[in-house]
Every structure is written in C-alpha cells, then in structure tokens.
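What follows is a short report on a single structure.
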Amino acid sequence: MKKIGKAASFLTKYISVVILIGSALAFWKPSFISWATDYTSFFLGAAMFGMGLTIRAEDFKIVFAKPREILAGTLAQYTVMPLGAWLLCRILNLPPDLAIGVILVGCCPGGTASNVITYIAGGDVPLSVGMTIVSTLLAPLVTPMLVYGLGGAWVEVSLSAMIISVVKLVLVPVLLGILLHRIFGKYIKKVQEIFPLISVLAIVMITTGIVANNKEKLISSGLLVLGVVVLHNLIGTVMGLGLAKVLSIEYSRATAIAIEVGMQNSGLAVSLAAANFSANPMATLPGAVFSVWHNIAGSLFAGMRRRKHRELPVL
C-alpha cells in the first residue's frame, strides 16, 4: 500500500506531465487508447466516487468556518468562467460545435485537480476542498441552467437531459462515496492512498481517449481551440485572484481561490458533450484540450505563487 501511495503522490504531483505524455502518445498511436471514449462516463464516475470517498464530515465545517471565501470562490466559479466562455465564443465567432464545448467547460464546477495544484502552490488546501465540494454539489442544478441559458444561442439544449446527466455523472457517485466513507470510514482509511491514484488515472484516460479520437480535428482546429482554452483559463485565474485582492483575502486563500476558479472539471464537460451533444462531434474537443492545459498552467502558476510566498516578509 505504501508503494501505491508513493505512486499516487508522484502521479498527482506531476499530473500535467502525465497528461501531456499520455496525450502525445494518444495522438501518435490513437488505436492504443481510442477505446477509452466508450467508457468516459465510467471514468468520470470513478473520479467523482474517489473524491466522495475522501470527503469527511469535518470537511463540511470549512464551509461554515470560511463562508466569505467559499462564497466568493463559488460565485466566481459560476460567473467568471461561464461569462468568460460566452464572451470568447462571441468575440471569436466560434462555430456551434466548438462554442457549446467551450461553454460546457465554463459552466462546470471546479475540478478535483485544483486541490492538488493548491497544495503544490502552498495555498489553503482545506478552502480549495471546500470550494470544490460546494461547486460540485451545486452542479446538478447550476451547470445545466447555465448551459441552457448561454449555449442555447448556438445549439438546442435540453435542460432536463442535462440535469439528469449531471446527477448521474457527479452527484450520485460523490454522495455514494461520502456515504461509504461515513459507514466504513475505519476500513477506507487503510486504503485511502489508492483514491488519488484512481482519480488521476481516470482523468488521464478521459483526456487521452478524447485526444485519440479527435486527432484529425486537433490537426484542423487544435490551435484555435488551444488559444481559446488558454485565454479562458487565464481569465478565470486572473479574475479569481483579482476578486480575492479586492476582498482583501490573505495570500494562501487568494491562491486557492485563483486556482479553483481557473481550473474546471473538464472531464465532466467532455462527458456532457458526448452524452448530450452527439450531433456536435467537436463539442468534446475544448474539454479535452482544457484537461491538458489547465494542469500545465496550474502547475506553472503554483510554482510562481510558492516562490513569491517564500519571498514575502514574515509579519
């Protein structure tokens, strides 16, 4: 179990490198991993279930202990990223397939990888976990409503189908994980090192599968999608950090908010695109590219924040 824990720690810390290598291999030899897209929902469910298994009753105390920061981060998550996505689609006049994919990414909750990146950055990890929990639990209602309101200008969106999808893909696995942790917490604690490994591998499988099945689309539209994804991620991170500074939130918590807002549950975006927008085959592309980019950008941002934190004077 110790070896598994070390492997999980290594893969989690270098998740951006793992995803980048996996995506490169998927692009080079698509046939090796293209089958993974048939199990995208399963992999996402596994990641969400793993997240639920790590949540303890005490983790919910952070919601009440730091309500201002939780509220600020969650509101920014569901305003900055959706509106940023909508504006980019309008300004760049994206085709419907790509537009709905970008909006899906923007309307999703914070990704579990944000907790890891916050840890690397020396930020407030409990706050990051709290924001992820709150935005994830709100996702079954908020995400479909935002996609319906913002994405309807490009494609037809079924609100009820979206709600059902998010409930199945996010809420049920997370709540099941929380329930099992509550009932069998003593036994789960003995094998908890394996859960981050499961989540990381699930994210890698989702991303590499989408890359493998979209090789031609990446060749034709990859640069455009990458440009949009980079701008979208940058908007979220900068606006999240700016909001924290306006509210005079201290350094480590501001770091957590900036990372949380900029990093999305892009695996959910990919799954929702595949399940609800099969008539728009390129809708999965922004989520796949975001999965790769936000981990790379998050790691770079984390390094900058950690270095600056060391340079700050001790008060």
Side-chain angles (χ1 to χ4, degrees), residues 12-16 51 54-55 58-85 87-88 105-139 142-143 146 196 229-266 290-291 293-315:
T12 301
K13 186 176 181 180
Y14 297 103
I15 185 172
S16 58
M51 174 186 172
T54 64
I55 297 174
E58 302 85 66
D59 293 327
F60 288 98
K61 293 180 181 178
I62 189 68
V63 177
F64 303 101
K66 302 175 183 178
R68 187 172 71 115
E69 290 85 349
I70 293 285
L71 180 61
T74 304
L75 282 177
Q77 183 81 61
Y78 281 127
T79 53
V80 171
M81 293 304 278
L83 292 176
L87 282 172
L88 286 171
V105 171
C107 296
C108 281
T112 54
S114 64
N115 310 146
V116 178
I117 298 299
T118 298
Y119 171 75
I120 295 171
D124 190 324
V125 177
L127 174 61
S128 177
V129 172
M131 288 186 291
T132 301
I133 291 172
V134 172
S135 66
T136 299
L137 293 178
L138 289 174
V142 178
T143 294
L146 286 171
V229 162
V230 170
L231 288 172
H232 194 195
N233 173 250
L234 184 62
I235 288 170
T237 304
V238 171
M239 292 294 288
L241 189 60
L243 175 64
K245 287 190 174 182
V246 168
L247 295 175
S248 299
I249 295 173
E250 62 94 11
Y251 194 86
S252 65
R253 295 180 183 180
T255 299
I257 290 173
I259 292 171
E260 187 70 22
V261 177
M263 298 187 71
Q264 301 292 89
N265 188 336
S266 45
F290 202 97
S291 292
W293 175 255
H294 78 161
N295 285 292
I296 295 172
S299 298
L300 293 173
F301 179 74
M304 291 168 54
R305 296 294 284 182
R306 179 174 281 277
R307 284 194 297 271
K308 188 173 181 181
H309 180 66
R310 289 172 179 167
E311 296 168 359
L312 292 175
V314 179
L315 300 178

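- Shown here for Gly73 and Val261, the closest heavy-atom pair between the two residues is O-CG2, 3.9 Å.
- Taking SG of Cys108 as the start and CD of Gln77 as the end, the distance is 9.5 Å to the nearest 0.5 Å.
- Taking the side-chain contact (heavy atoms from CB on, under 4.5 Å) definition, one finds that Val230 meets it with Leu226, Trp293, sequence neighbours left out.
- Contacts of Ile235 classified as side-chain contact (heavy atoms from CB on, under 4.5 Å), with partners at least two apart in sequence or in another chain: Val80, Leu88, Met239.
- Going from atom CD1 of Ile257 over to atom OG1 of Thr74 covers 9.0 Å, rounded to the nearest 0.5 Å.
- Atoms OG1 and CZ, on Thr118 and Phe301 in that order, are 9.0 Å from each other to the nearest 0.5 Å.
- Heavy-atom minimum distance, Phe290 versus Gln264: CE2-N, 3.7 Å.
- Atoms CG and CD, from Leu127 and Glu260 in turn, are 8.0 Å apart once rounded to the nearest 0.5 Å.
- To the nearest 0.5 angstrom, Ile70 atom CD1 is 8.5 Å from Thr132 atom OG1.
- A search for side-chain contact (heavy atoms from CB on, under 4.5 Å) contacts involving Ala254 returns Leu241, Ala244, Arg305, not counting sequence neighbours.
- Scored by the side-chain contact (heavy atoms from CB on, under 4.5 Å) test, Leu234 finds Val238 as partners (sequence neighbours excluded).
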message: Determine whether Arg68 and Ile249 satisfy the following criterion, side chain to side chain contact (heavy atoms under 4.5 Å, CB included), listing intermediate values before the conclusion.
response: CA-CA 9 Å; Arg68 187 172 71 115; Ile249 295 173; 3.8 Å; yes
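- Distance check: Leu243 CG to Thr79 OG1 gives 8.0 Å after rounding to the nearest 0.5 Å.
- Applying the side-chain hydrogen bond (donor to acceptor under 3.5 Å, both in side chains) rule to Ser135 yields no partners; only residues at least two apart in sequence or on another chain are considered.
- Side-chain atoms of Thr143 come within 3.5 Å of backbone N or O of Cys107 as a donor-acceptor pair.
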